[in-house]
Protein chains: 2
Amino acid sequence: MNNKYLKIYNELAKQIETGEIKPKSQLPSENRLSKEYDLSRGTVRKALDLLVQNGYIQKVQGKGSIVLDINKFDFPVSGVVSFKELSQKLGQDSKTILLELDILQGDEFLMEELHLDKEDEVWKLVRVREIGGQKIILDKDYLKRDAVPLLTKEICEDSIYEYIEGELDLKISFAKKLISVEEPTQEDKDSLDLAGYNVVVVVKSYVYLEDATLFQYTESRHRPDKFRFVDFARRRH
Amino acid sequence: MNNKYLKIYNELAKQIETGEIKPKSQLPSENRLSKEYDLSRGTVRKALDLLVQNGYIQKVQGKGSIVLDINKFDFPVSGVVSFKELSQKLGQDSKTILLELDILQGDEFLMEELHLDKEDEVWKLVRVREIGGQKIILDKDYLKRDAVPLLTKEICEDSIYEYIEGELDLKISFAKKLISVEEPTQEDKDSLDLAGYNVVVVVKSYVYLEDATLFQYTESRHRPDKFRFVDFARRRH
DNA sequence: GAGTGGTCTAGACCACCTT
DNA sequence: AGGTGGTCTAGACCACTCT
């Protein structure tokens with residue numbers, strides 16, 4: 001990328017993450033930054049807006065920009081993050097087991113969830129995620145076939161997100177997630193090490209591409225004790 | 001507010017919410033909008049960026065802006081939303097019962113969570129939320145005394161957010177939330193109608209003011225079957 | 001080639017805070 | 001008064017899509 005505002009955003013974000021710029025300290029003013037980086041103030045502001053959005057800094061009119069304590073939480077699941085990215089961040093031993101890989105057509109439930117026609121084909125994949133030797137998560141994914149022509153066992157046990165964004169050139173732009181708690185189904189009981197819990201945490205995700213088409217529906221079913229979700233939210237006034 | 005970009009944002013958002021502008025339709029181009037509203041293109045773009053952020057539209061370079069189906073979910077808890085705002089949106093019968101209202105000082109747990117000194121005083125309030133006659137949520141709030149000098153039973157049973165933002169002039173700017181599932185404590189069992197469930201969903205919130213100072217820590221403990229959380233997330237590339 | 005959104009600039013004025 | 005961030009403008013050029 002040649003974007004100037006992304007460059008300065010990434011530089012500042014990195015410095016904040018590594019602690020080079022310390023929490024509670026002041027960032028240089030917008031005018032100083034635009035001189036130092038030889039950019040217009042508008043471009044600097046765009047970079048700072050990104051830092052605000054992602055929780056790195058807080059701006060106060062008339063005063064300046066304060067660096068926030070980003071390391072207060074160490075489990076940043078907010079946003080669309082795949083299992084592989086996640087376990088890498090956690091540094092834990094993890095494994096993915098593929099239970100099912102099929103092509104469906106004309107399923108009523110899916111036609112509802114994915115807004116499908118009768119003829120549309122859908123990949124169904126069921127995977128179990130193991131962390132530290134325990135089966136913790138059951139993932140049921142449904143992907144539109146016309147966006148993803150081919151899926152193999154290897155891809156599914158690696159990261160479908162990497163494959164979709166890397167190999168294919170699809171760009172994921174946003175997702176809606178719904179978190180609830182439900183009674184375990186027989187499938188949950190069979191596939192997961194539930195350790196006596198009588199509920200599972202269910203995360204239903206609707207994933208959209210850059211052209212605003214819905215292309216994936218996922219149900220991620222978690223053993224409750226291992227489930228965590230972090231949200232950073234700015235209040236809309 | 002005199003802000004032009006907010007005016008046009010609100011107009012467009014309202015038209016999308018009411019269905020006056022239909023999902024999947026195209027918004028007028030940025031140039032058209034800037035002519036129609038007699039604004040510079042930059043100001044129009046700022047309004048559209050807000051619409052993108054809040055999930056109203058999706059932009060596609062070279063094509064235009066597509067209106068998204070905002071009504072797909074009817075439970076927008078994403079962001080910092082108070083119980084009162086929430087139950088109003090749901091239109092359900094609700095009640096708040098105040099169990100405890102105290103001033104604490106020198107509590108170790110709180111000094112950790114709220115970054116306090118020994119001398120700092122903290123309001124502790126414990127409230128039970130009733131929806132449809134059932135005790136569903138147990139809220140334990142801790143507020144910094146120096147920000148909120150006075151609290152009464154009436155305020156606590158109404159909405160502290162309204163009081164804090166309306167009467168006092170404090171502005172809440174952002175919050176970090178952590179969602180997890182835990183075993184019920186004795187307090188949970190005593191205060192809530194748990195209906196046989198052996199877990200509670202715990203939402204821990206850290207709420208910050210506009211000057212980036214932490215001023216509230218809240219534990220919101222939910223009966224699992226009534227808990228829902230909706231997240232709208234754009235993927236950070 | 002015409003139209004769309006994305007980036008960047010330079011300058012102006014305002015609202016707010018500090019001294 | 002001087003510095004800070006917030007808003008707004010007018011204009012330029014680029015990247016992308018459609019036909």
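Letters go in sequence order (proteins before strands), and every chain restarts at 1. Because the structure is predicted, anything quoted here is derived from the model rather than measured.
Here D:dC8 presents its C1' atom at 10 Å from CG of B:Asn3, a figure rounded to the nearest Å. The separation between A:Lys35 atom NZ and D:dT4 atom P is 8 Å, rounded to whole Å. Distance A:Glu30 CD to C:dT9 C1': 15 Å, rounded to the nearest Å. Distance B:Asp49 CG to C:dG6 C1': 10 Å, rounded to the nearest Å. Going from atom OH of B:Tyr37 over to atom P of D:dC8 covers 15 Å, rounded to whole Å. Whole-Å rounding puts the B:Glu210 CD to C:dA15 P distance at 17 Å. Spacing between atom CG of A:Leu6 and atom P of C:dG6 amounts to 13 Å, rounded to whole angstrom units. Distance A:Lys171 NZ to C:dG6 P: 13 Å, rounded to the nearest Å.
The existence of a salt bridge linking B:Lys59 and B:Glu30 is confirmed by a sub-4.0 Å separation between a basic side-chain nitrogen and an acidic carboxylate oxygen. No salt bridge links A:Lys171 with A:Glu210; every basic N to acidic carboxylate O contact stays at or beyond 4.0 Å. Between A:Asp139 and A:Arg129, at least one side-chain N (NZ, or NE/NH1/NH2) sits under 4.0 Å from a carboxylate O, which counts as a salt bridge. For B:Arg127 and B:Asp141, the salt-bridge test passes: some basic side-chain N is under 4.0 Å from an acidic carboxylate O.
With C:dT9, C:dT7, D:dG5 as the choices, the nucleotide that has an atom nearest any side-chain atom of A:Leu39 turns out to be C:dT9. Residue B:Ser40 has its side chain nearest to D:dT9 when only D:dT4, C:dG5, D:dT9 are considered. Nearest to the side-chain atoms of B:Lys4 among the listed nucleotides D:dT9, D:dT7, D:dG5 stands D:dT9.
Judged by closest nucleotide on DNA chain D, B:Lys46 is the one of B:Lys46 and B:Arg41 placed further toward the 5' end. Comparing B:Lys59 and A:Asp38 along DNA chain C, the residue whose closest nucleotide (by nearest heavy atom) sits nearer the 5' end is B:Lys59.
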Please enumerate all protein N or O atoms sitting under 3.5 Å from an N or O of nucleotides 15-19 of chain D, with distances to 0.1 Å.
| unit_1 | atom_1 | unit_2 | atom_2 | d |
| --- | --- | --- | --- | --- |
| D:dC16 | O4' | B:Gln61 | OE1 | 2.9 |
| D:dC18 | OP1 | B:Lys63 | NZ | 3.4 |

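Of the possible donor and acceptor atoms, none in the side chain of B:Asn54 sits under 3.5 Å from a partner among the backbone N and O of B:Tyr56.
Within the 4.0 Å cut-off from OP1 or OP2 of C:dG5, not a single side-chain nitrogen or oxygen of B:Arg45 is found. Applying the 4.0 Å criterion to OP1 and OP2 of D:dT7, one finds that B:Thr43 has every side-chain N and O outside that range. The side chain of B:Tyr5 contributes an N or O atom lying less than 4.0 Å from OP1 or OP2 of D:dT7. Between D:dT4 and A:Ser29, a contact under 4.0 Å exists linking OP1 or OP2 to a side-chain N or O.
Classified by interplanar angle (parallel below 30°, tilted 30° to 60°, perpendicular above 60°), the ring pair B:His222/B:Phe227 is perpendicular.
A cation-pi contact links B:Lys46 to B:Tyr5, judged by a cut-off of 6.0 Å to the six-membered ring centre and 45° from its axis.
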